[in-house]
Amino acid sequence: MKLYGLLLVLPLLTACMSMKNVKELPPELLYQPPAGASATITGNMEPRFTALVGDRVAYINDIDGKRVPKAKKQIYEETWNTVYPLIAGEHNIRVRYSMGGHYTQPTVITFTAEANKDYQLGFVTDIGTSWFSKNSYADIWIEDKATGESVSEVVRTTPPPAPRTISYPVIINN
């Protein structure tokens with residue numbers, strides 16, 4: 001009888017454990033395409049070089065302090081190919097790099113968008129480039145898609161620091 005009770009309660013418990021507390025950002029904190037936008041910007045992706053390693057992706061997190069929108073179950077690195085409209089003028093773009101389980105801290109790139117231009121993130125990195133790479137940096141910049149020329153400074157971003165290891169002595173008394 002106890003076994004039947006456990007079998008009846010188990011699905012309810014697992015359903016409660018799988019429900020996440022997912023909240024959406026308020027609309028005023030999300031990037032909204034401006035009226036009269038005349039330029040665009042997008043992230044960049046280099047396909048994986050082996051089946052065991054993920055694609056190398058430079059992607060946009062924020063534009064001018066506003067988080068870029070994404071689908072509910074989507075993660076931000078999956079938005080790398082989303083085209084974001086911009087108005088001409090100066091913009092602050094917060095970007096990150098990700099490859100498999102490796103990622104970098106967000107960093108801000110400032111650039112001036114010109115009317116009727118398309119921009120894309122460019123990057124070079126040692127993260128995930130070989131089995132014995134140091135996985136220490138990603139240099140990211142913004143380039144004009146038509147000419148491939150850089151229109152911003154190159155900004156170096158690094159992986160987050162490793163968590164601090166705390167050790168405790170173990171005393172065994174016999």
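What you see below is based on every heavy atom in this structure, not just the backbone, and it leaves out hydrogens, waters and symmetry mates.
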Practice task
Would you mind listing every salt bridge (Lys or Arg N to Asp or Glu O under 4.0 Å) that reaches into residues 92-113, with sequence neighbours excluded?
Solution key: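 The answer is Asp62-Arg94.
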Exercise for the section: Could you list the residues that satisfy side chain to side chain donor-acceptor pair (under 3.5 Å) with Trp80, not counting sequence neighbours? Expected result: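 None.
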Exercise for the section: Could you please spell out the steps behind the side-chain contact (heavy atoms from CB on, under 4.5 Å) verdict for Met45 and Asn81? Expected result: CA-CA 8 Å; Met45 186 269 293; Asn81 61 349; over 6 Å; no
Handout entry: Enclosure of Tyr103 OH (heavy-atom neighbours >12, cutoff 6.0 Å)
Key =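 12 or below, so no.
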Exercise for the section: Answer yes or no: is there a side-chain heavy-atom contact under 4.5 Å between Phe111 and Ile41? Expected result: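 In contact.
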Exercise for the section: Please confirm whether the backbone N or O of Ala58 pairs with a side-chain atom of Asn44, one donor and one acceptor, at under 3.5 Å? Expected result: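 Not a single qualifying donor-acceptor pair exists.
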Problem - Sidechain-backbone polar pair: Tyr119 side chain, Val151 backbone, donor-acceptor under 3.5 Å - result: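 Looks like no, no N/O pair under 3.5 Å.
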Problem - Non-hydrogen side-chain atoms of Val68 and Thr82 separated by less than 4.5 Å - result: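 When only atoms from C-beta onward are counted, Thr82 and Val68 do not touch, as no gap falls below 4.5 Å.
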Exercise for the section: Please check if the side chain of Asp144 supplies one atom and the backbone of Ala146 the other of a donor-acceptor pair under 3.5 Å. Expected result: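 Yes: the side chain of Asp144 pairs with the backbone of Ala146.
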Handout entry: Side-chain donor or acceptor of Thr112 paired with backbone N/O of Gly89 under 3.5 Å
Key =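 It does not hold such a pair.
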Problem - Test side-chain contact (heavy atoms from CB on, under 4.5 Å) applied to Ile93 and Ile63, step by step - result: CA-CA 5 Å; Ile93 311 292; Ile63 299 175; 3.9 Å; yes
Exercise for the section: Treat each ILVMFWY residue as a node, draw an edge where side-chain heavy atoms are under 4.5 Å apart, and state whether Tyr31 and Ile142 are in one component. Expected result: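 The answer is yes; both residues are in one hydrophobic cluster.
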Exercise for the section: Using a 4.5 Å cut-off on heavy atoms from C-beta on, say whether the side chain of Thr157 contacts that of Phe123. Expected result: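 No; the side chains remain at least 4.5 Å from each other.
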Practice task
Examine distances only and state if a side-chain atom of Thr158 and a backbone atom of Ser136 form a donor-acceptor pair shorter than 3.5 Å.
Solution key: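 Absent.
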Exercise for the section: Flag yes if Trp141 and Val95 sit in one hydrophobic cluster, no otherwise; membership is Ile, Leu, Val, Met, Phe, Trp, Tyr, and two members link when side-chain heavy atoms are under 4.5 Å apart. Expected result: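 Trp141 and Val95: separate clusters.
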Exercise for the section: Measure across Ala37 and Ile87 and return the closest heavy-atom pair with its distance rounded to 0.1 Å. Expected result: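 Heavy-atom minimum between the residues: CA-CG2, 4.0 Å.
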Handout entry: Residues Asp64, His91; criterion side-chain contact (heavy atoms from CB on, under 4.5 Å); working and verdict
Key = CA-CA 6 Å; Asp64 297 328; His91 297 279; 2.7 Å; yes
Practice task
Could you go through the side-chain hydrogen bond (donor to acceptor under 3.5 Å, both in side chains) check for Ser38 and Asn116 one step at a time?
Solution key: CA-CA 5 Å; Ser38 61; Asn116 303 318; 5.3 Å; no
Exercise for the section: For the pair Asn92 (side chain) and Gly65 (backbone), establish whether a donor and an acceptor sit closer than 3.5 Å, ignoring hydrogens and angles. Expected result: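 The answer is no, because no donor-acceptor pair under 3.5 Å joins these two groups.
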Handout entry: Reported NZ-to-OG1 distance for the pair Lys70 and Thr79, which is rounded to 0.5 angstrom
Key =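 Result: 9.0 Å between the selected atoms.
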Practice task
Start with the C-alpha gap between Tyr97 and Leu121, add the side-chain angles, then the distance that decides, and say whether side-chain contact (heavy atoms from CB on, under 4.5 Å) holds.
Solution key: CA-CA 10 Å; Tyr97 169 82; Leu121 298 180; over 6 Å; no
Problem - Residues in side chain to side chain donor-acceptor pair (under 3.5 Å) contact with Thr40, at least two apart in sequence or another chain - result: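 Scan of Thr40 (side chain to side chain donor-acceptor pair (under 3.5 Å), adjacent residues dropped) gives Asp118.
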Practice task
Nearest 0.5 Å please: distance from the NZ atom of Lys66 over to the CD atom of Glu28.
Solution key: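 So the gap between those two atoms works out to 7.0 Å.
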Exercise for the section: For the residue pair Asp55 and Glu46, establish whether any side-chain heavy-atom pair is separated by less than 4.5 Å. Expected result: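 Result no, sub-4.5 Å side-chain heavy-atom pair not found.
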Exercise for the section: State, yes or no, whether a side-chain contact exists between Ser98 and Glu78 at a heavy-atom distance under 4.5 Å. Expected result: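 A side-chain contact is absent here, since even the closest heavy-atom pair is not under 4.5 Å.
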